[in-house]
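Written below as structure tokens is the structure these notes are about.
Naming convention: chains lettered A, B, ... in sequence-line order (proteins, then strands); numbering from 1 in each chain.
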There are 2 protein chains.
Amino acid sequence: MKTTRNTTAKTAVLEVFENSKTALSHTEIQKQLNDVCDRVTIYRILDRLVNEDIIHKISNLDGTVKYAKCNHSHQRVHIHNHAHFSCENCHEITCLENVKPSYIMPHNYKVNEINFTLSGLCPKCLNSNI
Amino acid sequence: MKTTRNTTAKTAVLEVFENSKTALSHTEIQKQLNDVCDRVTIYRILDRLVNEDIIHKISNLDGTVKYAKCNHSHQRVHIHNHAHFSCENCHEITCLENVKPSYIMPHNYKVNEINFTLSGLCPKCLNSNI
DNA sequence: AAAAATAACGCAACAATGTTGCGATTAAAA
DNA sequence: TTTTAATCGCAACATTGTTGCGTTATTTTT
């Protein structure tokens with residue numbers, strides 16, 4: 001197996017995630033990094049981080065793709081079977097750490113991963129009554 | 001409100017959906033139509049059909065976007081709060097009409113829409129043991 | 001049935017997002 | 001310190017989706 005390295009660019013990307021409460025798109029990360037590294041490098045770092053299970057990919061109803069490093073205080077492994085909330089007003093995506101859907105699958109399916117995204121208005125936007 | 005028209009292109013797109021058991025991407029639709037109409041027209045038709053609630057948009061974990069006209073035999077209105085299954089092997093997306101997640105939301109969120117996609121192996125690919 | 005109104009179309013051009021190849025760089029192992 | 005290979009930067013390309021505008025065609029009105 002290929003070993004993975006800690007480069008300055010990778011560290012910088014991870015720091016961006018640490019400082020963000022919401023999920024981030026490639027473009028948003030790029031803006032925050034301002035020219036620490038190339039656009040392509042960010043794509044490659046994101047791919048690696050997903051493979052290493054450090055962040056995960058969230059794809060929205062509107063077709064946009066974001067990434068998040070969820071905060072699992074007491075778990076060692078990154079688990080992403082929880083829900084995400086996508087605000088229709090401010091477009092922020094947040095993890096709903098405690099919302100886990102329960103469901104019954106038909107036979108003959110092997111489920112490896114689930115993606116449960118709810119959209120609507122987040123508390124912030126709901127209170128400023130849009 | 002703007003009235004909507006039945007054009008040959010729109011009819012052709014709808015027919016493609018009728019003949020498909022799985023969700024389709026813009027590209028897949030375009031291939032099946034072969035030059036009935038322009039690429040841009042397909043985008044516009046898809047937008048219209050989504051607005052008219054005849055089809056719905058599904059966005060995958062891999063970032064791809066597909067559309068489906070789900071088969072709701074006895075309902076008058078198109079409901080899309082059911083789950084979708086995305087096969088990691090054949091990449092087909094099918095509606096799981098009867099799988100509806102149950103969940104408990106935190107307060108202060110207004111949920112308008114849900115997107116519940118499961119991925120793994122579909123029965124077809126599971127049986128041909130990949 | 002013909003004329004008027006406008007939804008939908010085609011084309012061209014553009015924008016955003018993601019991918020690939022390859023030579024140069026650099027982190028980590030020897 | 002030297003080696004090795006993971007990572008990077010750059011350029012070029014591919015895919016997907018959007019916009020403006022003049023033209024076409026569906027629907028409504030006369």
Rounded to whole Å, please give me the gap between CZ in A:R48 and P in D:dA6. 11 Å
Residues B:E88 and A:K110 bridged, charged N to O under 4.0 Å: no
When you measure from the side chain of A:D38, which nucleotide among D:dC10, D:dC21, D:dA12 comes out closest? D:dC10
Distance check: side-chain N/O of A:T41 vs OP1/OP2 of D:dG9, anything under 4.0 Å? yes
With a 3.5 Å cut-off and no angle check, do the side chains of A:K10 and A:T4 form a donor-acceptor pair? yes
Under-3.5 Å N/O pairs linking protein and nucleotides 26-30 of chain C:
{"from": "C:dA27", "atom 1": "N3", "to": "A:R5", "atom 2": "NH1", "distance (Å)": "3.2"}
{"from": "C:dA27", "atom 1": "N3", "to": "A:R5", "atom 2": "NH2", "distance (Å)": "3.4"}
{"from": "C:dA28", "atom 1": "OP1", "to": "A:N6", "atom 2": "N", "distance (Å)": "3.2"}

Pairing of B:K21 and B:E92 as salt bridge, 4.0 angstrom limit: no
Which whole-number value in Å describes the distance from B:I45 CD1 to C:dC9 C1'? 9 Å
Hey, are the side chains of B:C37 and B:I42 touching, using non-hydrogen atoms and a 4.5 Å cut-off? yes
Atom-pair distance (CG on A:L46; P on C:dT17), nearest Å: 13 Å
Can you tell me the distance, in whole Å, between the CG atom of A:D47 and the P atom of C:dT19? 6 Å
Integer-rounded Å distance: D:dT15 C1' and B:I42 CD1: 15 Å
So with a 6.0 Å cut-off around CG of A:N19, is the heavy-atom count from everything else above 12? yes
When rounded to whole Å, the OH to C1' distance for the pair B:Y43 and C:dA8 reads 18 Å
With a 3.5 Å cut-off and just heavy-atom distances, do the side chain of A:R44 and the base of D:dG9 make a donor-acceptor pair? yes
Is there a ring-ring contact (aromatic ring centres under 6.0 Å, His included) between B:F17 and B:Y67? Walk through the geometry before answering. CA-CA 9 Å; B:F17 278 116; B:Y67 298 86; 7.2 Å; no
Decide whether B:S102 and A:S102 meet the rule of one side-chain donor and one side-chain acceptor closer than 3.5 Å. yes
Between D:dG17 (C1') and A:N60 (CG): distance, integer Å: 16 Å
Under 4.0 Å: is that the gap between some side-chain N or O of A:R39 and OP1 or OP2 of D:dA11? no
Parallel, tilted or perpendicular: ring planes of B:H56 versus B:H84, cut at 30 and 60 degrees: tilted
Quick one: which of A:L96, A:V99, A:L126, A:L121 gives a side-chain contact (heavy atoms from CB on, under 4.5 Å) with B:Y109? A:L96
Looking for any heavy atom pair under 4.0 Å, which part of the strands does B:V65 touch: base, sugar-phosphate only, or nothing? sugar-phosphate
Heavy atoms within less than 4.0 Å of DNA chain D: which residues of residues 26-35 of chain B have one? Give them sorted by number. B:H26, B:T27
